[in-house]
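All values below were derived from every heavy atom in this structure, side-chain atoms included, with hydrogens, water molecules and symmetry-related copies excluded.
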Protein chains: 2
Amino acid sequence: MPQLDDTDLEILRLLVANARRPYSEIADKVGVSPPTVSDRIDRLQELGVIRRFTLDVDRSTLDAGIQVLIDVSTAPGTTEDVAESLASQNVVEHVYATADGSVVAHATVPEDAVHEVLEESVATENVESFDVRLLTDEQWTPEVSGTAFALECAVCGDEVTSQGETARIDGEFVAFCSSSCREAAAEEGQLAADSI
Amino acid sequence: MPQLDDTDLEILRLLVANARRPYSEIADKVGVSPPTVSDRIDRLQELGVIRRFTLDVDRSTLDAGIQVLIDVSTAPGTTEDVAESLASQNVVEHVYATADGSVVAHATVPEDAVHEVLEESVATENVESFDVRLLTDEQWTPEVSGTAFALECAVCGDEVTSQGETARIDGEFVAFCSSSCREAAAEEGQLAADSI
DNA sequence: GATGAAATTAGTTCAAG
DNA sequence: CTTGAACTAATTTCATC
């Protein structure tokens with residue numbers, strides 16, 4: 001994966017705060033020219049770092065219905081499918097799949113339609129149990145973090161960037177700055193079978 | 001609160017899908033002129049329906065650290081404070097406050113810094129218990145829903161829009177198309193003390 | 001409140017370092 | 001990979017309906 005430099009990160013930070021900011025203004029702030037900003041944004045989209053330009057909408061002012069957090073415990077091996085199925089429902093806005101096999105979804109539905117949403121989107125045999133919590137508030141505060149909480153590579157001690165990898169060893173998470181450092185650790189037999 | 005019409009909703013839908021879409025293109029699609037699109041978008045921002053123009057960033061390609069879902073059970077009356085405190089942390093991206101007093105946050109942190117995030121942001125006495133789950137996938141699929149799952153007003157039977165209200169009666173959620181319908185129900189003594 | 005034409009401002013292309 | 005200049009396109013202003 002290609003490297004992102006500080007200019008890319010700064011452009012992301014500025015766009016996250018205001019995605020309609022003129023490229024000329026971004027160019028001024030990060031110290032490059034407008035065509036360069038345009039090129040880099042295109043590249044960030046091609047890389048999949050920018051998934052899309054969008055709005056943060058306050059749904060409590062907008063949608064008819066009740067906002068809920070649906071927490072589904074999935075059958076082994078079906079977590080990804082369940083996450084995808086829920087994500088494809090248009091009442092579902094945000095989906096999180098967890099390492100322990102549950103899927104958490106934020107949806108706006110009439111209270112008695114939660115079962116309906118699950119039935120329409122998820123095969124019953126994939127749902128071990130589920131839990132629904134009514135939301136009273138929801139906030140999105142995206143930021144492209146700087147170097148706060150930077151991780152250290154367990155092998156070489158360098159800072160772990162977005163190109164790094166992580167693994168689980170005896171239940172503890174360990175980070176590596178690169179796949180070669182991760183492989184070095186693996187060769188030393190440090191990695192458990194459930195490494196990620 | 002002023003009414004949003006179908007044109008507003010259609011503009012929101014188009015911007016959620018692509019917030020950098022030219023206003024002239026939106027104007028074509030919804031059948032008004034570009035200045036009207038511009039005016040309406042300004043109005044939607046003033047109303048707080050549009051919270052901001054932003055990016056959907058794939059954090060798994062970007063941030064050093066591990067993505068987690070932090071689930072905090074808060075002390076009575078502190079839910080809102082805890083939600084705000086967590087939201088102000090720059091490693092925290094999304095915060096949900098639930099009616100049962102828990103706060104769920106999506107954050108990107110080194111695994112062993114979850115306690116640190118909580119300690120830095122939330123008074124210990126406000127945390128009754130917490131739980132952290134490692135995320136393997138996270139998706140955001142915002143859509144401005146149409147009339148799917150439209151609610152019916154419990155009093156007059158009309159469709160409940162964003163201007164509607166809801167209340168809880170004997171543990172069941174009931175929707176009203178307006179505050180006057182809600183008040184009518186209240187006068188008939190149907191509303192429990194925990195109505196929302 | 002909405003519009004079309006004009007003016008301003010932004011974005012992209014391209015030739016070149 | 002970057003730029004400045006030229007070109008193209010988008011947005012806002014404003015007078016008018």
| To the nearest angstrom, how far is B:Phe53 atom CZ from D:dT11 atom C1'? | 13 Å
| said: Does a side-chain N or O of A:Thr36 approach OP1 or OP2 of D:dT3 to a distance below 4.0 Å, or not? | reply: yes
| Residue closer to the 5' end of DNA chain C, B:Arg20 versus B:Asp5 (nearest nucleotide) | B:Asp5
| request: Would you indicate, yes or no, if C:dA2 has its OP1 or OP2 atom less than 4.0 angstrom from a side-chain nitrogen or oxygen of B:Ser33? | output: no
| remark: Atom OH of A:Tyr23 and atom P of C:dA10 are separated, to the nearest Å, by 13 Å
| query | Rounded to the Å, how far apart are A:Asp6 CG and D:dC1 C1'? | reply | 16 Å
| message | Between P on C:dA2 and CZ on B:Arg40, what's the gap in Å once rounded to a whole number? | response | 5 Å
| query | Heavy atoms under 4.0 Å, any strand shown: does A:Pro22 hit a base, just sugar-phosphate, or nothing? | reply | sugar-phosphate
| field | Donor on one side chain, acceptor on other, B:Thr79 and B:Thr74, under 3.5 Å | value | yes
| query | Between B:Arg21 and D:dA10, is there a side-chain N or O to OP1/OP2 distance below 4.0 Å? | reply | no
| task | Identify whether any heavy atom of B:Val32 sits under 4.0 Å from a base atom; if not, whether one sits that close to sugar-phosphate; answer base, sugar-phosphate or nothing. | result | sugar-phosphate
| task | May I have the distance from B:Ile41 (atom CD1) to C:dA2 (atom P), rounded to whole angstrom? | result | 13 Å
| request: Please work out whether the ring planes of A:Trp140 and B:Trp140 are parallel, tilted or perpendicular, with thresholds of 30° and 60°. | output: tilted
| Taking CG from A:Asp39 and C1' from C:dA10, how many angstroms apart are they, rounded to a whole number? | 16 Å
| Interatomic spacing from CD in A:Gln89 to CD in B:Glu143 - rounded to 0.5 Å | 10.0 Å
| task | Could you tell me whether the side chains of A:Ser85 and A:Ser88 share a donor-acceptor contact shorter than 3.5 Å? | result | no
| task | Could you state the atom-to-atom distance from CG of B:Leu14 to C1' of D:dA10 in whole Å? | result | 17 Å
| said: For the residue pair A:His106 / A:Gln67, report whether a side-chain donor-acceptor contact shorter than 3.5 Å exists. | reply: yes
| request: Quickly work out the B:Asp28 CG to C:dG4 C1' distance and round it to whole Å. | output: 14 Å
| field | side-chain N/O B:Ser38 vs D:dT11 OP1/OP2, d < 4.0 Å | value | no
